[in-house]
Amino acid sequence: MPNPHTASRRSALSYSVEGLTVRDDLLLKSLIRVLDHRTHQQWQIQDHGADLRVSGAPFGSSPADGQGGTVLRMGYPPGEGEFGLPMPLHAGHLENMFNRIGDHMTQQRAHAAASAAQQPVRDDEQFRLRRWPPAALLGLPRRVRRAALMSARPQSLAVLHRQSGVPLPRCIDFLRELRQADLVLSSPVPLCAPALSPLGQAG
């Protein structure tokens, strides 16, 4: 049995499935559930926008092929930069492949998060939680409120500052900590959204 404290610290990753037969689709999802105690990351099924796209069709059969993102090609030669796994499915091969992919993606995220944490928090960005932060990072009720705002929808620095009633530098520090922990996604603020003064960029 896995140690629950170790399991709770595993990164959460998502995968989607396309192009597999109904039987292979069900078998793949069942095996991933069965192997959960053996995989380095927690893998969750997701319909769209998943971290990993598992495809049971030849390269070039989907508009998404060659457009970036991590792909595991099942039963067909993988495209450039993709991972490949032969069919029929084998539990041991699947476990090794998902651990290989998961470790690769987690390492990439850690490097990206460390780099992002060094960048200034800009007032033309909006932020949304990738997943709920651990209790050690939240601590105070006002941090919980800011996290709750970002879990519902993307929020700009101006909105976080205004709705939380927390000084701007503390909001910036909180966002930097979330970036360092790879817990937040950022995107441009819509043109109609209110902006802050240049103080928001000073960081």
Side-chain angles (χ1 to χ4, degrees), residues 4-16 39-53 64 67-71 81 98-99 101-203:
H5 299 291
T6 301
S8 66
R9 292 196 295 268
R10 288 190 300 164
S11 299
L13 294 173
S14 59
Y15 72 98
S16 61
T39 54
H40 302 164
Q41 293 78 28
Q42 289 181 312
W43 289 93
Q44 303 164 348
I45 186 67
Q46 186 171 309
D47 290 337
H48 304 287
D51 298 309
L52 172 66
R53 185 164 63 92
Q67 299 301 309
T70 307
V71 178
F98 265 68
N99 280 337
I101 294 173
D103 291 346
H104 175 73
M105 295 175 70
T106 300
Q107 186 177 44
Q108 283 190 320
R109 281 188 176 184
H111 288 315
S115 176
Q118 303 304 315
Q119 302 301 314
V121 176
R122 299 170 55 88
D123 60 5
D124 58 356
E125 292 179 294
Q126 56 185 5
F127 306 91
R128 183 167 190 167
L129 286 183
R130 186 191 297 276
R131 58 186 179 277
W132 191 254
L137 195 151
L138 290 176
L140 300 176
R142 284 189 173 181
R143 284 196 160 204
V144 174
R145 174 168 173 73
R146 276 171 278 171
L149 289 170
M150 287 187 287
S151 67
R153 62 181 61 86
Q155 304 287 354
S156 67
L157 182 58
V159 172
L160 288 175
H161 169 53
R162 184 175 65 250
Q163 295 198 6
S164 66
V166 172
L168 193 59
R170 291 189 182 178
C171 289
I172 293 172
D173 288 343
F174 182 51
L175 288 169
R176 282 179 171 161
E177 289 180 41
L178 292 174
R179 276 180 167 175
Q180 180 68 52
D182 191 30
L183 292 172
V184 68
L185 300 169
S186 62
S187 58
V189 171
L191 295 178
C192 59
L196 284 172
S197 67
L199 176 61
Q201 298 182 8

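- In this structure Thr39 satisfies the side-chain contact (heavy atoms from CB on, under 4.5 Å) test together with Arg10, Leu35, Asp36, Trp43, Asn99, sequence neighbours excluded.
- Under the 3.5 Å distance criterion, the side-chain polar atoms of Gln46 are matched with a main-chain donor or acceptor of Gly49.
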Distance-only donor-acceptor pairs under 3.5 Å for side chains of residues 132-146, two or more places apart:
residue : atom : partner : partner atom : Å
Arg143  : NH1  : Leu137  : O            : 2.8
Arg143  : NH1  : Glu177  : OE1          : 3.0
Arg143  : NH2  : Glu177  : OE2          : 2.8
Arg145  : NE   : Gln163  : O            : 3.1
Arg145  : NH2  : Gln163  : O            : 3.1
Arg146  : NE   : Arg142  : O            : 3.3
Arg146  : NH1  : Arg170  : O            : 3.4

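- Annotation for Asp182 and Arg131: closest pair O-NH1, 3.8 Å, computed over non-hydrogen atoms.
- A distance of 9.0 Å separates CZ of Arg53 from CD of Gln67, quoted to the nearest 0.5 Å.
- Summarising the geometry of Asp51 relative to Thr70, their closest heavy-atom pair is O-CB, 3.7 Å, with the distance given to 0.1 Å.
- Summarising the geometry, atom OG belonging to Ser16 is positioned 6.5 Å from atom CD1 belonging to Ile45; distances are rounded to the nearest 0.5 Å.
- To the nearest 0.5 Å, atoms CG (Leu157) and CD (Glu125) are separated by 9.5 Å.
- Side-chain atoms of His161 come within 3.5 Å of backbone atoms of Val166 as a donor-acceptor pair (strictly under, hydrogens ignored).
- Residue Arg109 comes nearest to Ala12 through the heavy atom pair NH1-O, 3.8 Å, listed as atom of the first residue, atom of the second, then distance.
- Scanning for side-chain hydrogen bond (donor to acceptor under 3.5 Å, both in side chains) contacts around Arg128 gives an empty result, with sequence neighbours left out.
- Side-chain contact between Leu13 and Gln44: absent, with no pair of heavy atoms (C-beta onward) separated by less than 4.5 Å.
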- Task: Evaluate the side-chain contact (heavy atoms from CB on, under 4.5 Å) criterion for residues Phe127 and Leu185: first the C-alpha distance (whole Å), next the side-chain angles of each, then the deciding distance (0.1 Å), finally the verdict.
- Result: CA-CA 6 Å; Phe127 306 91; Leu185 300 169; over 6 Å; no
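- Put simply, the side chain of Asp103 reaches to within 4.5 Å of the side chain of Gln41, judged on heavy atoms.
- The minimum heavy-atom distance linking Ser14 with Ala50 is given by the pair OG-CA, 3.3 Å.
- With hydrogens and angles disregarded, a donor-acceptor distance shorter than 3.5 Å links the side chain of Gln155 to the backbone of Leu149.
- Heavy-atom minimum distance, Phe174 versus Met150: CE2-CE, 3.8 Å.
- Between the side chain of Ser151 and the main chain of Ala148, a donor-acceptor pair closer than 3.5 Å is present.
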